[in-house]
Enquirer: 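The structure follows.
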Amino acid sequence: MDSFDKRIWSPVGSRPHIEIPAAPAVAELAAAYTAQAAAWWAEHDDPRDFHAIVRPVAPEFLHLTAGWLDQLTATLAPGAFDTLHAVLTDRLADLEPFEVTVGPGIVGAVALELYVAPILQAAALAATVRGAIRDVFGADAAPEPPPARPWRPHITAFYGAASFSTDALASRVLCTLAPGEGCLITPVTMAVDAVLLVDQDTWGPDGLAWNQDTARRIALGAR
């Protein structure tokens with residue numbers, strides 16, 4: 001696994017994101033996978049502490065990203081955040097709530113991700129969010145993903161904070177102990193009935209976070 005800070009955008013700072021907040025069951029899932037990864041790391045001869053090589057995402061910030069604007073929030077025109085909020089509120093009112101299945105965990109290039117089974121409703125939500133961003137900030141603000149690399153919904157349990165070998169981690173996380181579930185962890189179901197419009201810094205001094213006091217909740221199907 002590589003360090004995520006080699007992939008973050010430049011300049012560093014917070015940007016508008018539209019996130020689907022994770023349910024408590026997803027936080028338990030992420031904690032179980034992280035604990036199993038830590039146990040795997042403890043068996044290594046590497047003297048580094050596990051928490052020096054990864055950055056777990058705090059339970060309150062676990063999320064599925066529906067869309068974002070690659071522009072520093074501090075550089076937005078006055079009122080632009082409010083306009084985006086209004087457009088999203090109008091567009092998402094036409095989408096009905098739905099459920100997604102989260103899990104299993106997948107070891108990626110820079111993170112351990114909780115796989116989210118792709119469904120049409122989630123893809124439609126993400127496409128609606130990207131369209132709203134483009135309508136507010138211009139045609140190039142949130143391009144559609146290319147066919148070769150379609151939008152892949154996932155929830156990140158932890159990011160790599162330093163490079164380390166994950167040769168055996170992928171198979172190890174498949175045998176994560178969870179209360180009442182035995183060895184193989186069971187995916188969980190999560191309701192999606194709202195998104196959060198937030199000012200998010202993915203790699204800030206305290207890890208991935210946003211100001212919860214200024215986060216704006218936007219309901220689905222509110223028309």
Side-chain angles (χ1 to χ4, degrees), residues 1-10 12-15 17 19-66 68 100-118 122 149 151-190 196 198 200-212:
M1 183 174 291
D2 207 348
S3 175
F4 183 74
D5 64 2
K6 296 180 180 180
R7 292 173 56 96
I8 61 172
W9 27 57
S10 180
V12 174
S14 60
R15 289 161 167 76
H17 281 68
E19 312 288 28
I20 299 171
V26 174
E28 295 176 5
L29 192 69
Y33 278 115
T34 302
Q36 186 67 357
W40 167 81
W41 182 255
E43 300 169 359
H44 285 64
D45 293 330
D46 196 309
R48 293 176 295 176
D49 182 77
F50 178 72
H51 293 286
I53 64 168
V54 304
R55 277 196 178 184
V57 178
E60 62 269 29
F61 297 121
L62 288 166
H63 66 278
L64 190 165
T65 300
W68 70 92
V100 293
T101 300
V102 183
I106 297 174
V107 178
V110 296
L112 190 145
E113 302 168 350
L114 305 179
Y115 175 79
V116 176
R149 296 188 64 185
W151 179 68
R152 184 177 60 83
H154 63 277
I155 297 174
T156 298
F158 63 73
Y159 291 100
S163 297
F164 63 99
S165 174
T166 55
D167 289 345
L169 180 58
S171 59
R172 183 66 175 271
V173 296
L174 291 177
C175 190
T176 301
L177 296 177
E181 298 293 351
C183 184
L184 295 178
I185 196 163
T186 303
V188 301
T189 300
M190 183 180 85
L196 296 177
V198 301
Q200 177 188 305
D201 193 340
T202 301
W203 203 253
D206 299 319
L208 186 151
W210 57 75
N211 187 332
Q212 293 178 295

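Just so you know, residue 1 is the first one in the sequence shown, and it goes up from there. Since the model is a prediction, treat every value here as computed from it, not as a measurement.
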Enquirer: My understanding is that only residues two or more places apart in sequence, or in another chain, count here; which of them pass ring pair (Phe, Tyr, Trp, His ring centres under 6.0 Å) with His63?
Expert: Trp210
Enquirer: Please check: side-chain N/O of Tyr159 versus main-chain N/O of Ala111, any donor-acceptor pairing under 3.5 Å?
Expert: no
Enquirer: Give, for atom CD of Glu19 and atom OG1 of Thr65, the distance between the pair rounded to the nearest 0.5 Å.
Expert: 3.5 Å
Enquirer: I'd like to check the side-chain contact (heavy atoms from CB on, under 4.5 Å) partners of Ala117; sequence neighbours left out, ordered by chain and number.
Expert: Thr101, Tyr115
Enquirer: Please find the pair of heavy atoms, one from Pro104 and one from Pro187, that lie closest to each other, and give the distance.
Expert: N-CG, 4.4 Å
Enquirer: Might you work through the side chain to side chain contact (heavy atoms under 4.5 Å, CB included) test for Val102 and Ile155, ending with a clear yes or no?
Expert: CA-CA 8 Å; Val102 183; Ile155 297 174; 4.2 Å; yes
Enquirer: I want to check something: taking the side chain as every heavy atom from C-beta on, are Thr189 and Val100 in contact at a cut-off of under 4.5 Å?
Expert: no
Enquirer: Taking only residues two or more places apart in sequence or in another chain, which ones pass side-chain contact (heavy atoms from CB on, under 4.5 Å) with Ala30?
Expert: Leu62, Leu114, Ala157
Enquirer: Write down the atom of Thr34, the atom of Phe158, and the distance for their closest heavy-atom approach.
Expert: OG1-CD2, 3.6 Å
Enquirer: Who pairs with Glu113 by salt bridge (charged side-chain N to carboxylate O under 4.0 Å, His left out), at least two apart in sequence or on another chain?
Expert: Arg152
Enquirer: With a 3.5 Å cut-off and sequence neighbours excluded, list the donor-acceptor pairs that the side chains of residues 46-57 form with protein atoms.
Expert:
| residue | atom | partner | partner atom | Å |
| --- | --- | --- | --- | --- |
| Asp46 | OD1 | Arg48 | N | 2.9 |
| Asp46 | OD1 | Arg48 | NE | 3.1 |
| Asp46 | OD2 | Arg48 | NE | 3.3 |
| Asp46 | OD2 | Arg48 | NH2 | 3.0 |
| Arg48 | NH1 | Ser163 | O | 3.2 |
| Arg48 | NH2 | Ser163 | O | 3.2 |
| Asp49 | OD2 | His51 | N | 2.9 |
| Arg55 | NH1 | Gly204 | O | 2.9 |

Enquirer: Can you tell me how far the CE atom of Met1 sits from the OG atom of Ser165, to the nearest 0.5 Å?
Expert: 10.5 Å
Enquirer: Please enumerate all residues that pass side-chain contact (heavy atoms from CB on, under 4.5 Å) together with Ala209, with sequence neighbours excluded.
Expert: Phe61
Enquirer: Find out whether Pro21 and Leu196 are in side-chain contact, i.e. whether some heavy atom of one side chain is under 4.5 Å from a heavy atom of the other.
Expert: yes
Enquirer: Using side-chain heavy atoms (C-beta onward) and a distance below 4.5 Å, is Val26 in contact with Val188?
Expert: yes
Enquirer: What is the minimum heavy-atom distance between Val173 and Tyr33, and which atoms define it?
Expert: O-CE2, 3.1 Å
Enquirer: Between Val110 and Ser3, what is the shortest heavy-atom contact and its length?
Expert: CG1-O, 4.3 Å
Enquirer: Can you name the residues that form a side-chain contact (heavy atoms from CB on, under 4.5 Å) with Glu60, not counting sequence neighbours?
Expert: Ala58, Gln212
Enquirer: Determine, stepwise, if the pair Ile106 / Leu112 fulfils side chain to side chain contact (heavy atoms under 4.5 Å, CB included).
Expert: CA-CA 6 Å; Ile106 297 174; Leu112 190 145; over 6 Å; no
Enquirer: Ignoring hydrogens, what is the shortest heavy-atom contact between Asp201 and Gly13? Give both atom names and the distance.
Expert: OD1-O, 3.8 Å
Enquirer: Mind checking ring pair (Phe, Tyr, Trp, His ring centres under 6.0 Å) for Phe164 and listing every partner two or more places apart, or none if nothing turns up?
Expert: Trp41
